[in-house]
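Since this is a predicted model, take the numbers as computed values, not measurements. Residue numbers begin at 1 in each chain, while the letters A, B, ... track the order of the sequences.
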Protein chains: 2
Amino acid sequence: MKISIIKIGGNVIDFPEKLDEFLALFTKFPGHKILVHGGGVMASRFGESLGVMPEMVDGRRITDQETLDVVTMVYAGLINKNIVAKLQALKVNAIGMCGADGNIIRSIKRPVKGIDYGFVGDIQEVNTQLIDHLLLGDLLPVVNAITHDAKGQLLNTNADNIASALATSLAKEHQVNLYFCFNKSGVLIDEKNENSIIPMINEDIYKELKKENVIHSGMIPKLDNAFEALQKGVNHVWIGKAENLHLAAKGKISGTTIERSRYDLF
Amino acid sequence: MKISIIKIGGNVIDFPEKLDEFLALFTKFPGHKILVHGGGVMASRFGESLGVMPEMVDGRRITDQETLDVVTMVYAGLINKNIVAKLQALKVNAIGMCGADGNIIRSIKRPVKGIDYGFVGDIQEVNTQLIDHLLLGDLLPVVNAITHDAKGQLLNTNADNIASALATSLAKEHQVNLYFCFNKSGVLIDEKNENSIIPMINEDIYKELKKENVIHSGMIPKLDNAFEALQKGVNHVWIGKAENLHLAAKGKISGTTIERSRYDLF
């Protein structure tokens, strides 16, 4: 099968109109699809209403029992079910899932090394057999950022990592493309200029761009993650804005494509 | 297929130890199973923490937008995913679903007749084809009390009605038994005596018991519901305590069985 895995974040989820626009374009995206979402901003807002204050270390949420309950409610309940209902209205047979559902993603609680992140999961295994069964039944899985340890414990898990883990696991038997939607138009030469998109990056270009300090800080883990996915068999990885995703499907330049193969471009 | 549909309520869900005990027994229940749950008490408690006060008319929750968000978070998120994780720990491949997931239950917003219940759903259609696909994939659906209208709107729906609708729809092609777990040991001759269980009720006995005022008030809609399910092809309906459900599976008297066939018992 040809499978597209698309990850969206808070910059789409938090704005009902943007979400509706995105979902309408998303349904036209060809072939089998899996949608992955987080929803950290909404979780922080609801947590605060309940008196559960977000605690972040290096951009990662410390997840105590109360925070876990909040993210489970917001990711797996509120956000996931509203996305599914909206997709159903667009005649797409979406099915919302956390990692515990059908045991699709098993994690382990992150070991304490200096920082105790609490109930945070590091992904161990993806149940590709079930995902195949669902895709063959013409279902579109909408996967949120909650996983489990197969011992009864839910775990808060990074949505980018979920998208990567799904992609690399499914790539063993399928042709998989991975799309990360975020708040920039792609990898930019000039951070302040949304038109300065670098259309394609391979490992050689990546090394060059890091050396020249064009790519730095927050972009590095994203790209390392992308290259790791490619090394594990994913076809190509795309990074860009959700509203440009449909152009990517048509092969138009609309973000940054990260490719395994090395071309001699320079 | 032989399918058992089991509905549990707040008196099991609200107590972690009772829920664990129930789930351990439930997994031993033979054959294909679907678990249906509500969770009204927990929803009320969370809603209150968020400043959303429950408003009830004749035991039914008035569901405005904020209340809908709360029940979606609590039923489809917190309760559903914790039950699924606990079942996975018991090596049962549970999959949590609301009615929007895979479009398994489509409802319409209840028309306003005197009382405006808000975002409350009356069930219209069950997607039995998908449920078959899941059961054949050895999955155990855990269905919560949120449905959708297939136009993008989630709807708060009575969990007893969800269990009945699943049972009557699946009964068209399968042999279905329906189990309602509640806070009494069954239909009782003396409400205050948990040992006064009426082991079997058919329509003749039901008429007699209503005439004698042994069955009245809250029990009547439950039994009407049960007889309607039988008329629509459900094999038998059982009403009793969650902790006695495993005895019902062994054919022991442990609650009240409601039967279609009329015997001359008296």
- Message: Working to the nearest 0.5 angstrom, can you tell me the gap between A/Asn80 CG and B/Met73 CE?
- Response: 14.0 Å

- If you look at every heavy atom in A/Ala85 and B/Leu154, which pair is closest and at what distance? CB-CD2, 3.7 Å

- Query: With chain B, which of A/Ile79, A/Val74, A/Asp149, A/Leu78 has the greatest number of heavy-atom pairs at distances under 4.5 Å?
  - Reply: A/Leu78

- Whether over 12 other heavy atoms sit under 6.0 Å from A/Glu66 CD: no

- Message: Checking an interface table here. Which of residues 5-14 of chain B come within a heavy-atom distance under 4.5 Å of chain A?
- Response: none

- Item | Max heavy-atom pair count under 4.5 Å with chain B, selected residue of A/Lys86, A/Gln129, A/Met97, A/Lys151 | A/Lys151

- Looking only at A/Gly99, A/Ala76, A/Gly102, most heavy-atom pairs under 4.5 Å shared with chain B are made by A/Gly102

- Report, as yes or no, whether the 6.0 Å neighbourhood of atom CD on A/Gln65 holds more than 12 heavy atoms from other residues, nucleotides or ligands. yes

- Item | Which portion of B/Asn82 sits near chain A, non-hydrogen atoms under 4.5 angstrom | both

- Message: How long is the straight-line distance from CD1 of A/Ile95 back to CG of B/Asn103, given to the nearest 0.5 Å?
- Response: 11.0 Å

- Atom CD of B/Gln124: over 12 foreign heavy atoms under 6.0 Å: yes

- Task: Apply side-chain contact (heavy atoms from CB on, under 4.5 Å) to B/Lys172 and list each qualifying residue two or more places apart in sequence or on a separate chain.
- Result: none

- Counting distance only, does the side-chain N/O of A/His148 pair as donor-acceptor with the main-chain N or O of B/Lys81 below 3.5 Å? no

- Message: Looking only at heavy atoms and a cut-off of under 4.5 Å, which of B/Gly137, B/Ser49, B/Cys98, B/Gly77 has the most pairs with chain A?
- Response: B/Gly77

- Decide yes or no on side chain to side chain contact (heavy atoms under 4.5 Å, CB included) for A/Leu130 and B/Leu139, but give the supporting numbers first. CA-CA 9 Å; A/Leu130 177 62; B/Leu139 290 158; 3.5 Å; yes

- Contact winner vs chain B - A/Asn127, A/Val142, A/Asn93, A/Val71, heavy-atom pairs under 4.5 Å: A/Asn93

- Message: Could you check whether any side-chain N or O of B/Gln88 sits under 3.5 Å from a backbone N or O of A/Ala100, counting only pairs where one atom can act as donor and the other as acceptor?
- Response: yes

- Task: Look at B/Gly51, B/Ala94, B/Ala89 and state which one has the largest set of heavy-atom pairs under 4.5 Å with chain A.
- Result: B/Ala89

- Task: Using salt bridge (charged side-chain N to carboxylate O under 4.0 Å, His left out) as the criterion, list what pairs up with A/Glu125, not counting sequence neighbours.
- Result: A/Arg106

- Message: Per the ring pair (Phe, Tyr, Trp, His ring centres under 6.0 Å) rule, what does the pair list look like for residues 28-63 of chain A, sequence neighbours excluded?
- Response: A/Phe29-A/Tyr179

